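Quick caveat: nothing in here was measured; it's all calculated off a predicted structure.
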Amino acid sequence: MQEFKPVKEGKVREVYDNGDSLIIVATDRISAFDHILQNKITKKGAILTQMSKFWFDYTKDIVPNHMLSVDVKDMPEFFRNENFDGNSMMCKKLEMLPIECIVRGYITGSGWESYKENGKVCGITLPEGLQESDKLPEPIYTPSTKAEIGDHDENISFEKSVEVLEKIYPGKGEDYANQIKECTIALYKKCAEYALTKGIIIADTKFEFGLDENGKVVLGDEMLTPDSSRFWPLEGYEAGKSQPSYDKQFVRDWLKANPDSDYLLPDDVIKKTIDKYEEAFALLTGKSFS
């Protein structure tokens, strides 16, 4: 049997080279504040992978994506065991664009902090009088550059994203920058509208795109998971305060309150986090996570 070693290891995911495709494995690791925590969150990797699959299927009319299969039977023998079953996705190889495509439909987090200071989010002036967690009149696109592990991503303007891409793809930077911006907003609108019908507000999210062998823009990475998005319950939503969420917020809040934790979480915080991920999965897909 051929052995595989990850060619790339992120905070949470491992990427394996499978010749003409990649196999992306979502582990049960969890990161917060750019640190990998000491605990594992059981089943998290599988929930994230299956959620991405759901959204990739749902949005393929907007933009093609890199997903080929989430069935380990389609993968080399090395992957056909419980370590990889459910949390692995075989994907097309893409040349990834070095821009994180962030879209915000509600004002929260770092965006809210920035708005309180100067009425802007990532250089975009917003209407006066917004409250924390307010829905924005229109979703805004606030790209950032991708940082290496341990560094923080840097928010950039749309114009700067054109420059970054133009350097790599002379004569095409503006075209690619416009395409990924338009795709980002179209994906967000379609999925946020759908999620509302299931009782979930998608406050913000990020997408990543790459180019296929013909230079066409393709959606890559993960999609609309609690790791890449802020999901809020629609029930009880009220602007003017921060919202409970279906993501790592439990973990972040606990770490903030316990600065000496050395990134080790208590069992109840882990259990609550798993429950939240499972609940979001069930609401969005209509299936309970088995």
### Query
Quick one: are the ring centres of F84 and F78 less than 6.0 Å apart?
yes
Within the supplied structure, the quantity of interest is the number of heavy atoms (other residues, nucleotides, ligands) at a distance under 6.0 Å from [X] [atom1]; does it exceed 12?
X: K135; atom1: NZ; result: no
X: K73; atom1: NZ; result: no
X: K160; atom1: NZ; result: no
X: D267; atom1: CG; result: no
X: Q179; atom1: CD; result: yes
X: K40; atom1: NZ; result: no

Decide yes or no for [X] and [Y]: does some side-chain heavy atom of the first lie under 4.5 Å from some side-chain heavy atom of the second?
X: R230; Y: S245; result: no
X: V218; Y: L211; result: no
X: I180; Y: Y141; result: yes
X: F56; Y: H66; result: yes
X: S228; Y: T225; result: yes
X: S88; Y: Y16; result: no
X: C91; Y: L68; result: no
X: P76; Y: I23; result: yes

#### Entry: K43 NZ/CZ over Y277 ring centroid, <6.0 Å and within 45° of normal
no
### Query
Under the side-chain contact (heavy atoms from CB on, under 4.5 Å) criterion, do I156 and I99 qualify, and how do the steps go?
CA-CA 9 Å; I156 55 173; I99 304 286; 3.9 Å; yes
From [atom1] ([X]) to [atom2] ([Y]), nearest 0.5 Å:
X: F231; Y: D204; atom1: CZ; atom2: CG; result: 10.0 Å
X: L224; Y: I202; atom1: CG; atom2: CD1; result: 5.0 Å
X: S161; Y: E166; atom1: OG; atom2: CD; result: 11.5 Å
X: C183; Y: I62; atom1: SG; atom2: CD1; result: 8.0 Å
X: D268; Y: T273; atom1: CG; atom2: OG1; result: 9.0 Å
X: N87; Y: I47; atom1: CG; atom2: CD1; result: 11.0 Å

Do any N or O atoms from the side chain of [X] and from the backbone of [Y] form a donor-acceptor pair under 3.5 angstrom?
X: Q50; Y: G86; answer: yes
X: N81; Y: N83; answer: yes
X: D175; Y: K172; answer: no
X: K53; Y: M67; answer: no
X: S288; Y: A282; answer: no
X: D28; Y: G45; answer: yes

### Message
For T142 and N155: C-alpha separation, side-chain torsions, deciding distance, then whether side-chain contact (heavy atoms from CB on, under 4.5 Å) applies.
### Response
CA-CA 7 Å; T142 59; N155 293 326; 5.6 Å; no
Can [Y] be reached from [X] by stepping across I, L, V, M, F, W or Y side chains whose heavy atoms are under 4.5 Å apart?
X: I270; Y: V12; result: no
X: I274; Y: I200; result: yes
X: F209; Y: I24; result: no
X: L187; Y: I201; result: yes
X: V15; Y: V72; result: no

Of all the heavy-atom pairs spanning [X] and [Y], show the shortest one and how long it is.
X: T184; Y: F207; answer: O-CE1, 3.6 Å
X: L130; Y: W112; answer: O-CZ3, 3.6 Å
X: Y237; Y: S133; answer: OH-O, 2.6 Å
X: G236; Y: Q243; answer: O-OE1, 4.3 Å
X: T205; Y: S229; answer: OG1-OG, 2.9 Å
X: R104; Y: C122; answer: NH2-SG, 4.0 Å

### Task
Evaluate the side-chain contact (heavy atoms from CB on, under 4.5 Å) criterion for residues L94 and D212: first the C-alpha distance (whole Å), next the side-chain angles of each, then the deciding distance (0.1 Å), finally the verdict.
CA-CA 5 Å; L94 302 175; D212 68 9; 4.2 Å; yes
### Query
Excluding sequence neighbours, so at least two apart, what forms salt bridge (charged side-chain N to carboxylate O under 4.0 Å, His left out) with E95?
none
Under 4.0 Å between a Lys/Arg side-chain N and an Asp/Glu carboxylate O for [X] and [Y]?
X: D17; Y: K8; result: no
X: K276; Y: E279; result: yes
X: R29; Y: E14; result: yes

Measure up the [X] and [Y] rings against each other and bin them: parallel (under 30°), tilted (30 to 60°), perpendicular (over 60°).
X: Y194; Y: W55; result: perpendicular
X: F281; Y: F289; result: perpendicular
X: F79; Y: F4; result: tilted

## Note on the structure
With D227 as partner, the option from K44, K11, R13 fulfilling side-chain hydrogen bond (donor to acceptor under 3.5 Å, both in side chains) is K44
### Message
Quick one, E208 with K206, criterion salt bridge (Lys or Arg N to Asp or Glu O under 4.0 Å). Give me CA distance, side-chain angles, the key distance, then yes/no.
### Response
CA-CA 7 Å; E208 292 189 31; K206 80 171 168 72; 3.4 Å; yes
### Task
Evaluate the side-chain contact (heavy atoms from CB on, under 4.5 Å) criterion for residues V269 and N39: first the C-alpha distance (whole Å), next the side-chain angles of each, then the deciding distance (0.1 Å), finally the verdict.
CA-CA 10 Å; V269 173; N39 311 73; over 6 Å; no
